[in-house]
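Below is one structure, written out as structure tokens, with a few remarks after it.
Numbering of ligands and ligand atoms starts at 1, following listing order.
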Amino acid sequence: MGKLNNKTALVTGAASGMGKAIAQLFAKEGANVIVADLHQNEIDEVVNTITIDGGKALGVLCDVSNEKDIKKMFNAAVAHFKTVDVLINNAGIMDDFMPIDQVSNDLWNRIMAVNVNGPMYACRFAVPIMLKQESGVIVNIASVGGLYGARAGVAYTASKHAVVGLTKNIGFMYAQKGIRCNAIAPGGVNTNIGKNMNPNPFGMERGMAGVATMPRMGEADEIAKTALFLASADSSFVNGTVLTADGGWTAY
Ligand code: NAD
């Protein structure tokens with residue numbers, strides 16, 4: 001018996017990195033999974049790996065910064081699987097370690113649109129569904145950058161602090177309505193997030209100051225297992241909090 005049998009889980013940014021690992025693990029644990037991302041080919045690949053393995057998945061094209069796309073994603077999820085029990089707000093982008101004196105409005109707005117507005121829109125669609133069925137779980141992928149000052153540039157840092165606030169507020173507001181909302185704060189994890197990065201030299205140098213204390217990089221499947229704990233009944237008394245998964249980096 002899987003830990004997510006008969007549950008439907010919607011995972012944003014599910015075509016790569018942590019989101020892909022979460023979608024694949026959740027399907028193995030019995031969930032119907034909505035694989036939402038920006039690129040159809042990569043979405044199809046993830047959906048195929050899940051269905052070949054005997055799981056159930058639906059691919060949905062969705063830019064999380066676009067509220068209309070989020071609405072379409074929820075409509076597709078409900079039409080296909082009847083409901084949404086678990087929402088994983090995972091899609092997120094980095095900010096080239098840009099410090100405040102050099103951050104453009106474009107960069108700031110893009111980071112906020114994807115990293116903050118996306119999860120907010122998705123939670124706003126998910127909560128009424130979860131209220132109706134008196135159960136639901138939300139897991140937001142924040143970052144140690146949402147807890148500390150210089151793991152990234154100013155926009156990413158501010159955006160992930162906002163995700164932590166979103167998490168705590170939702171967690172408390174609906175605590176007596178059968179809904180839990182938690183966040184994961186991963187440390188450095190081997191994914192594609194840094195692939196097209198063009199780091200600002202000053203911001204990067206400041207951001208790298210603490211890297212010597214990082215015991216090791218994590219792997220996407222280690223974050224997926226953390227997400228499974230938070231999405232399943234194993235964490236029934238865990239709500240409105242942030243679970244750091246960084247191999248001990250921030251314990252120094
Ligand atoms: P990744 O780049 O491998 O995967 C992110 C996925 O999100 C990609 O498939 C991308 O296409 C998708 N995405 C980006 N913008 C989107 C949008 N507007 N709408 C829908 N999908 C979109 O990166 P990852 O490291 O797996 O990142 C997942 C989450 O983890 C992000 O929120 C990131 O901020 C967070 N995080 C990453 C690290 C790390 O070291 N990798 C550390 C802490 C937190």
Side-chain angles (χ1 to χ4, degrees), residues 10-25 34-47 59-74 87-97 107 109-122 138-148 150-153 155-164 166-167 183-197 199 207-208 210-211 214 216-224 226-227 230 242-247 249-250:
L10 199 164
V11 186
T12 69
S16 169
M18 300 179 203
K20 179 177 175 180
I22 291 168
Q24 290 171 332
L25 178 62
I34 291 95
V35 176
D37 209 299
L38 292 172
H39 311 290
Q40 192 66 56
N41 285 349
E42 283 88 339
I43 292 172
D44 291 344
E45 275 173 33
V46 176
V47 169
V60 179
L61 263 181
C62 173
D63 174 351
V64 298
S65 68
N66 180 334
E67 191 181 5
K68 285 189 186 133
D69 278 12
I70 298 258
K71 187 177 182 185
K72 277 194 228 153
M73 171 178 75
F74 274 88
L87 166 64
I88 310 290
N89 280 312
N90 166 76
I93 51 173
M94 266 292 274
D95 68 350
D96 290 337
F97 286 84
L107 179 63
N109 291 336
R110 192 163 71 249
I111 299 295
M112 290 297 158
V114 176
N115 292 6
V116 184
N117 295 1
M120 183 278 285
Y121 295 142
I138 299 169
V139 180
N140 296 321
I141 307 301
S143 167
V144 292
L147 303 172
Y148 296 88
R151 261 60 177 189
Y156 185 89
T157 302
S159 75
K160 292 299 187 178
H161 275 73
V163 170
V164 170
L166 186 79
T167 302
I184 301 174
V189 180
N190 288 316
T191 68
N192 293 316
I193 201 163
K195 237 181 176 178
N196 299 315
M197 205 154 55
M208 288 299 112
V211 164
M214 186 196 286
R216 69 171 173 89
M217 292 288 284
E219 299 303 330
D221 69 297
E222 297 183 283
I223 303 303
T226 311
L230 290 176
V242 184
L243 185 46
T244 301
D246 69 351
W249 186 19
T250 54

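Counting atoms of ligand 1 from 1 in the listed order, those under 4.0 Å from a heavy atom of Asn192 are 2 (O), 3 (O). When each atom of ligand 1 is checked for a heavy atom of Met18 under 4.0 Å away, the hits are 25 (O), 26 (O), 30 (O), 36 (N), 37 (C), 38 (C), 39 (C), 41 (N). Listed by atom number, the atoms of ligand 1 under 4.0 Å from Tyr156 heavy atoms are 33 (C), 34 (O), 35 (C), 36 (N), 43 (C), 44 (C). Interface of Val114 with ligand 1, defined as ligand atoms under 4.0 Å from a residue heavy atom, comprises 15 (N), 18 (N). Near Ile141, meaning under 4.0 Å from one of its heavy atoms, ligand 1 places the atoms 29 (C), 30 (O), 32 (O), 35 (C). When each atom of ligand 1 is checked for a heavy atom of Cys62 under 4.0 Å away, the hits are 19 (N), 20 (C).
Under 4.0 Å from ligand 1, not a single heavy atom of Ala220 appears. At a 4.0 Å heavy-atom cut-off, ligand 1 does not touch Ala14 at all. Only the side chain of Lys160 comes within 4.0 Å of ligand 1, counting heavy atoms alone; its backbone N, CA, C and O stay farther away.
Between Ala36 and ligand 1, no pair of N/O atoms sits closer than 3.5 Å. For Asn90, a nitrogen or oxygen atom sits less than 3.5 Å from a nitrogen or oxygen atom of ligand 1, counting backbone and side chain alike. At a 3.5 angstrom cut-off on N or O pairs, Gly188 does not count as close to ligand 1.
Counting all heavy atoms, side chain and backbone alike, Met197 lies closest to Phe97 at CE-CE1, 3.8 Å. Closest non-hydrogen pair, Val114 versus Gly92, comes out as CG1-CA, 4.1 Å. Across every non-hydrogen atom of Thr226 and Ala245, the tightest pair is OG1-CB, 4.3 Å. Shortest non-hydrogen contact noted between Ala155 and Met112 is O-CE, 3.6 Å. Smallest separation of non-hydrogen atoms from Leu166 and Pro119: CD2-CB, 3.8 Å. Shown here for Val64 and Tyr121, the closest heavy-atom pair between the two residues is O-CD1, 3.7 Å.
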Does the pair Leu25 and Asp221 meet the rule for a side-chain contact (heavy atoms from CB on, under 4.5 Å), with working shown? CA-CA 8 Å; Leu25 178 62; Asp221 69 297; over 6 Å; no
Passes side-chain contact (heavy atoms from CB on, under 4.5 Å), Val60 versus Ile43? Steps please. CA-CA 7 Å; Val60 179; Ile43 292 172; over 6 Å; no
Start with the C-alpha distance between Ile141 and Ile22, add both sets of side-chain angles, then the distance that settles side-chain contact (heavy atoms from CB on, under 4.5 Å), and finish with yes or no. CA-CA 11 Å; Ile141 307 301; Ile22 291 168; 4.3 Å; yes
Go through the steps for Phe74 and Leu10 under the test side-chain contact (heavy atoms from CB on, under 4.5 Å), then give the verdict. CA-CA 8 Å; Phe74 274 88; Leu10 199 164; 4.0 Å; yes
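Within a 6.0 Å radius of NZ in Lys20, no more than 12 heavy atoms belonging to other residues, nucleotides or ligands are found.
The closest approach between Asp63 and ligand 1 falls below 4.0 Å for a heavy atom of the residue. Under the 4.0 angstrom criterion for non-hydrogen atoms, Ala142 is in contact with ligand 1.
By heavy-atom distance, the residue among Thr191, Ile223, Asp37 lying nearest atom 25 (O) of ligand 1 is Thr191. Nearest-heavy-atom check against atom 21 (N) of ligand 1 across Ala91, Gly194, Gly145, Gly118 picks out Ala91. Ranked by closest heavy atom to atom 40 (O) of ligand 1, the top entry among Ile93, Val64, Val189 is Val189. Closest heavy-atom approach to atom 5 (C) of ligand 1 among the candidates Gly17, Ser159, Ala21, Gly92: Gly92.
When hydrogens are left out, the protein atom nearest atom 27 (O) of ligand 1 is Ile193 CD1, 3.9 Å; that is the closest non-hydrogen contact. Protein heavy atom at the shortest distance from atom 43 (C) of ligand 1 is Pro186 O, 3.3 Å. Given atom 16 (C) of ligand 1, the protein heavy atom at minimum distance is Leu38 CD1, 3.5 Å. Of the protein's non-hydrogen atoms, Ser16 OG, 3.5 Å is the one closest to atom 1 (P) of ligand 1. Regarding atom 42 (C) of ligand 1, its nearest protein heavy-atom neighbour is Gly187 O, 3.1 Å. Atom 7 (O) of ligand 1 has its closest protein heavy atom at Gly13 CA, 3.3 Å.
Here the side chains of Asp69 and Leu61 are not in contact, with every heavy-atom distance at 4.5 Å or above. Counting only heavy atoms from C-beta outward, the side chains of Ser159 and Val116 approach each other to under 4.5 Å.
Checking Asp44 against Gln40 by side-chain atom types alone, a donor-acceptor pair falls below 3.5 Å.
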